[in-house]
Amino acid sequence: MKIFKYILGASLCLGMQAANAQHKSEEAPLKISHLAGNCYVYTTIGQLSDGSRYPSNSMYVVTEKGVVMIDVPWDTTQLVPLLDQIKKQHGKAVIACIATHFHEDRTAGLNALAARGIKTYSTAHTLKLCKDNHKEEARYVIPEDTTFRLGDRRLQVFYPGPGHAPDNIVVWVPEDKVLYGGCFIKSTDAADLGNLSDADPKAWTPSMLRLKAKFPNPVFTVPGHGELSNKDKACNHTLELIQTYNAGKNK
């Protein structure tokens, strides 16, 4: 795979049960958890179309060059608290953010980050969908398969194919063996595939198989919503949900 060096320095994933969403809304508005190595998951509470609220997972990676966010807080009021806490906890500023698809829970806040001088990235596919759907846009375009090198850490971007959204990418941190799947991957506690308004269930299975072949042995997998997963349990559960859904459609 061709590797690109970047100078970084000086709709929604819905489908959650309403009752569960109301229960989850009682959680703290911002929660940061250490995952593995230099990877941290942050969870914020976003609002569904019916007015109920539900948690959303994103991630950041601490590198020698600075901190890179993968996706944004769903609750945009938690963006500044997140940036402040990262600076306080790690003594480093956020220098970049990678949006993994065009839905609002992955793009809201990109303008605010850019206004602070933080470089924001997405694929050309995501950028087009953001424009078409009037979502906030990243300022820089990256290839669908590329690697950011930032001193002691690499962030490997990979497009497995359509699934939850036509443009969904994932990010692999090889030094820590952490796979950030975002909304392409469903959590092990998910009962169904969630919001399918932009999904391609038929393509999702081969896309997931490509992902599993590309990164076969994660230590942790981070889904866009719900419980975190050790190893590839969330990937396997997602495959089961896809197959169940497709089997039902073919009856």
Side-chain angles (χ1 to χ4, degrees), residues 6-10 12-13 24-25 27-47 53-123 126-127 130 135-142 148-157 169-173 175-176 178 180-183 220 222-225 228:
Y6 292 88
I7 301 174
L8 300 176
L12 306 179
C13 304
K24 293 291 188 179
S25 69
E27 296 184 1
L30 173 64
K31 179 181 178 182
I32 299 176
S33 304
H34 178 243
L35 189 59
N38 286 17
C39 298
Y40 295 76
V41 172
Y42 64 92
T43 303
T44 60
I45 310 298
Q47 185 166 306
R53 294 169 65 78
Y54 201 84
S56 176
N57 302 320
S58 300
M59 195 171 86
Y60 68 82
V61 183
V62 181
T63 80
E64 291 177 347
K65 303 294 185 180
V67 177
V68 179
M69 292 168 52
I70 306 172
D71 287 330
V72 292
W74 190 359
D75 180 356
T76 56
T77 68
Q78 298 306 307
L79 180 57
V80 173
L82 172 66
L83 297 176
D84 291 345
Q85 183 59 35
I86 289 174
K87 181 68 173 179
K88 178 180 179 181
Q89 184 169 337
H90 304 289
K92 295 183 178 182
V94 173
I95 59 172
C97 177
I98 303 169
T100 58
H101 68 280
F102 78 98
H103 287 167
E104 191 174 8
D105 58 340
R106 306 295 139 181
T107 57
L110 289 178
N111 291 342
L113 289 173
R116 287 173 165 261
I118 297 169
K119 293 189 175 182
T120 55
Y121 295 87
S122 76
T123 65
T126 295
L127 179 62
C130 285
K135 306 299 183 184
E136 295 186 32
E137 304 167 15
R139 298 297 194 266
Y140 298 90
V141 172
I142 57 173
F148 288 82
R149 292 185 179 274
L150 300 112
D152 59 334
R153 285 296 183 276
R154 291 168 291 166
L155 278 71
Q156 188 173 343
V157 173
I169 58 173
V170 303
V171 179
W172 169 250
V173 184
E175 287 77 16
D176 301 321
V178 168
Y180 179 84
C183 299
F220 285 102
V222 181
H225 301 271
L228 307 182

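Bear in mind the structure is a predicted one, so any value in this text is a computation, not a measurement. Computed from heavy atoms alone, side chains included, the values below leave out hydrogens, waters and symmetry copies.
Checked by atom type and distance alone, the side chain of His225 never pairs as donor or acceptor with a backbone atom of Cys183 at under 3.5 Å. Judged purely by atom type and a 3.5 angstrom limit, Thr120 uses its side chain to pair as donor or acceptor with the backbone of Arg139. With Asn38 contributing its side chain and Thr63 its backbone, the two residues share no donor-acceptor pair below 3.5 Å. Within the 3.5 Å criterion, the main-chain N or O of Trp74 finds no donor-acceptor partner in the side chain of Asp105. No donor-acceptor pair under 3.5 Å is formed between the side chain of His101 and the backbone N or O of Glu104. Put simply, the side chain of Arg153 never gets that close to the backbone of Gly151: no donor and acceptor are under 3.5 Å apart.
Applying the side chain to side chain donor-acceptor pair (under 3.5 Å) rule to Thr126 yields the partners Thr123, Asp167; only residues at least two apart in sequence or on another chain are considered. Under the rule for a salt bridge (Lys or Arg N to Asp or Glu O under 4.0 Å), Glu136 has no partner lying at least two apart in sequence or in another chain. Residues forming a salt bridge (Lys or Arg N to Asp or Glu O under 4.0 Å) with Arg154 (at least two apart in sequence, or on another chain): Glu175. Considering only residues two or more places apart in sequence or on other chains, Tyr60 meets the ring pair (Phe, Tyr, Trp, His ring centres under 6.0 Å) condition with Tyr40, His90. Partners of Thr44 by side chain to side chain donor-acceptor pair (under 3.5 Å), not counting sequence neighbours: none found.
The CD atom of Gln85 lies 5.0 Å from the CD1 atom of Ile32; values are rounded to the nearest 0.5 Å. Here the straight-line distance linking atom CG of Asn57 with atom OH of Tyr42 works out to 10.0 Å at 0.5 Å rounding. Distance OH/Tyr180 to CE/Met59: 8.0 Å, rounded to 0.5 Å.
Across every non-hydrogen atom of Val178 and Trp172, the tightest pair is O-CE3, 3.3 Å. The two atoms that bring Ala99 and Ile169 nearest to each other are O-CD1, 3.8 Å, heavy atoms only. Residues Arg106 and Gly224 come closest through the heavy atom pair NH2-O, 3.1 Å. Minimum interatomic distance between Tyr121 and Ala96 (heavy atoms only, all atoms of both residues): CE1-CB, 4.0 Å. In plain terms, the two heavy atoms of Cys97 and Leu110 that are nearest each other are SG-CD2, 4.1 Å. Shortest non-hydrogen contact noted between Ser58 and Asp71 is OG-CB, 3.6 Å.
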*asked:* Pair Phe220, Val41 - check side chain to side chain contact (heavy atoms under 4.5 Å, CB included), show working.
replied: CA-CA 11 Å; Phe220 285 102; Val41 172; over 6 Å; no
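Between Leu150 and Val61 there is no side-chain heavy-atom pair separated by less than 4.5 Å. Between Ile98 and Phe148 there is a side-chain heavy-atom pair separated by less than 4.5 Å. The shortest side-chain heavy-atom distance between Leu113 and Met69 falls under the 4.5 Å cut-off. Here the side chains of Thr107 and Val72 are not in contact, with every heavy-atom distance at 4.5 Å or above.
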Less than 3.5 Å apart, which donor and acceptor atoms pair up between the side chains of residues 77-84 and the rest of the protein, not counting sequence neighbours?
{"residue": "Thr77", "atom": "OG1", "partner": "Asp75", "partner atom": "OD1", "Å": "2.6"}
{"residue": "Thr77", "atom": "OG1", "partner": "Asp75", "partner atom": "OD2", "Å": "3.2"}

